[in-house]
Enquirer: 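Just passing along the structure, written as structure tokens.
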Amino acid sequence: MAKILIIDDDDDFRAATSAILEAAGHGVLIASDGKAGLEMVKAEDPELIILDIMMDSIYEGFSVITTLRATPEYMDYRDIPVLMCSAVKQITGERFDIPAEARIAHGDEFLDKPFTSEMLHKKVNKLLEV
Amino acid sequence: MSPHRQGPHILCVDDDQVARESAELLFNRWGYRVSLADCGEAGLEAIAQDPPDLILVDLQMPGMDGIEVLEWVRTNHPSIICIMVTGHATLQKAVEAMKQGAYDFLAKPFAPDEMKLVVERGLERRRLMLEAERLRAEKALMLANFVTLVSHQMRSPLAAVRQLLEVPASQALGPLPEAYQGFIKRAVVRLDLLARTLNTWLAMSRLDQDGIDSRKTTEELAPLMRDLVQRAEADITAAGQNLEVQVSDGQCQVEVDRESLLEALYNIVSNAVKYNRPGGTITIRGYKRDEEAQLSISDQGPGVSAQEAAYIFDEFYRSRRKDIKEKPGTGLGLAISLKVVQAHGGDIKVTSESGEGATFTVTLPCLQT
């Protein structure tokens with residue numbers, strides 16, 4: 001079973017998601033913002049990251065994935081698969097489609113919040129190539 | 001450079017060197033940041049480069065006088081407080097300046113305390129003005145972003161509750177006693193419907209005339225109807241109902257935002273399927289009549305009473321009838337359809353005999369061919 005890092009500012013989401021993943025036998029690490037998440041990546045080298053897009057700043061998840069994928073500092077971690085998720089798909093007044101942006105930002109998969117445990121397991125297993 | 005860079009910024013415009021120097025001395029002592037200008041023109045330049053909070057301006061100067069400076073400031077920087085200084089304390093001049101929007105005036109000679117008081121009052125006035133301005137701007141922004149606000153403040157907690165509920169619903173931590181399962185399942189159904197209502201409402205709030213106009217393309221009626229049928233077919237079959245399609249092949253062109261319109265029509269079909277009698281037939285028709293494209297969707301359900309027909313397109317309207325109330329719905333489907341059709345210059349009418357099904361007819365203006 002895999003070591004999975006959840007980066008999300010909503011503790012209810014973290015609690016629910018980690019309960020579902022832990023029950024399936026995964027080891028779960030949590031971080032409540034992008035900065036803590038990136039530190040955790042270096043310290044723990046997880047096999048999969050579940051990353052919320054809208055945290056303290058509305059597109060914080062995008063800056064996390066950009067850092068991870070494109071800075072020399074994270075050279076050794078840039079291939080960790082990332083499952084991006086968001087409760088909001090579009091922001092009024094902005095011609096900006098969040099799932100599409102998540103693909104452009106090299107997120108490997110996207111999941112709408114809330115998700116069923118079945119959907120979560122499906123995406124996680126796909127990314128872990130189980 | 002004054003040591004009090006953070007204090008309020010005062011500009012003193014006066015052609016009298018002694019007056020400027022004493023003002024500088026006093027304002028520095030009181031903790032203000034001071035700039036000086038020796039004529040009206042220099043004053044305007046100083047304001048343009050570094051707008052002060054308050055201006056102390058001499059009324060009578062050679063060249064551009066105090067009133068002209070005042071006029072320029074009122075037009076270009078209305079939030080800057082202007083205090084007029086006059087050597088000839090003629091009431092008439094001061095009144096004129098006050099009429100033009102000066103905040104107050106000081107008659108030479110004046111005591112330093114008098115100046116201090118007038119300036120402090122002026123700065124307080126500016127603070128209140130800026131505060132009011134900030135609140136107004138904040139309110140306007142909030143209104144403009146209401147939908148975004150709803151997204152954040154309502155969708156996020158709703159999504160979190162649903163996610164928490166997923167733990168017992170999926171029995172992730174072990175089997176749930178059967179007595180609880182039904183309750184959890186019902187909570188999930190209600191919550192999912194609430195989320196859907198909110199999403200539909202958000203989608204509706206985003207619909208605007210300009211957006212629809214900008215996406216309009218010229219389409220033939222028949223292929224448009226074929227697309228609708230393709231979308232709806234699976235739902236109708238899955239519900240155990242029959243589908244009948246009658247679309248005339250004659251030329252009929254409409255200018256539409258394809259996606260929005262198909263979604264609007266699909267809503268009407270879904271509605272018809274929902275209220276149809278078991279095993280009933282849904283009939284979809286498309287034809288041209290009186291230079292109008294008419295698209296109709298009929299079911300064989302309980303029908304719509306004349307009273308209900310008046311409200312059926314209202315936002316959040318749901319039928320009071322028991323057999324209909326029991327079916328889950330957001331109360332927004334038809335409202336959103338009507339809004340889309342009206343944005344196309346069309347209309348939707350419902351005709352029904354109670355107990356004999358209902359027919360929803362969408363009319364759209366045709367292009368002249």
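Throughout, a chain's letter reflects where its sequence line sits, starting with A, and its residues are numbered from 1.
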Enquirer: What distance do B:R155 atom CZ and A:S86 atom OG have between them, rounded to the nearest 0.5 Å?
Expert: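 Between B:R155 CZ and A:S86 OG, I get 8.0 Å after rounding to 0.5 Å.
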Enquirer: What's the separation between atom OG1 in A:T17 and atom CD in B:Q163, rounded to the nearest 0.5 Å?
Expert: 4.5 Å
Enquirer: For the OG atom of B:S156 and the CG atom of A:D10, what is their distance to the nearest 0.5 Å?
Expert: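 The CG atom of A:D10 is 7.5 Å from OG of B:S156, to the nearest 0.5 Å.
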Enquirer: At a heavy-atom distance under 4.5 Å, which candidate from B:V167, B:L165, B:V161, B:L164 has the highest pair count against chain A?
Expert: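 If we count pairs closer than 4.5 Å to chain A, B:L164 comes out on top.
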Enquirer: How about A:E118: does its CD atom have over 12 heavy atoms from other parts shown lying under 6.0 Å from it?
Expert: no
Enquirer: Which pair of non-hydrogen atoms, one from A:A87 and one from B:A159, has the smallest distance, and what is that distance?
Expert: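 Distance-wise, the nearest heavy atoms are CB-CB, 4.1 Å.
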Enquirer: Heavy-atom count around A:R78 CZ within 6.0 Å, excluding the residue itself: above 12?
Expert: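 More than 12 heavy atoms, drawn from other residues, nucleotides or ligands, come within 6.0 Å of this atom.
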Enquirer: For B:E166 and A:S117, run side-chain hydrogen bond (donor to acceptor under 3.5 Å, both in side chains): C-alpha distance rounded to whole Å, both residues' side-chain angles, the deciding distance at 0.1 Å, then the answer.
Expert: CA-CA 7 Å; B:E166 183 61 18; A:S117 51; 3.2 Å; yes
Enquirer: How far apart are the C-alpha atoms of A:K113 and B:L158, what are their side-chain angles, what is the distance that settles it, and do they pass the side-chain contact (heavy atoms from CB on, under 4.5 Å) test?
Expert: CA-CA 10 Å; A:K113 281 172 154 189; B:L158 197 61; over 6 Å; no
Enquirer: Could you pull out the closest heavy-atom pair between B:L173 and A:A23, with the gap in Å?
Expert: CD2-CB, 4.0 Å
Enquirer: Looking at B:K274, I want to see if its NZ is surrounded by more than 12 non-hydrogen atoms of other residues, nucleotides or ligands under 6.0 Å.
Expert: yes
Enquirer: Could you measure the distance from the OG atom of B:S170 to the CE atom of A:M119? Nearest 0.5 Å is fine.
Expert: 12.5 Å
Enquirer: Quick check: are there more than 12 heavy atoms from other residues, nucleotides or ligands sitting under 6.0 Å from NZ of A:K3?
Expert: yes
Enquirer: Does B:E178 CD have over 12 foreign heavy atoms under 6.0 Å away?
Expert: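 Not buried by this count: 12 neighbours or fewer within 6.0 Å.
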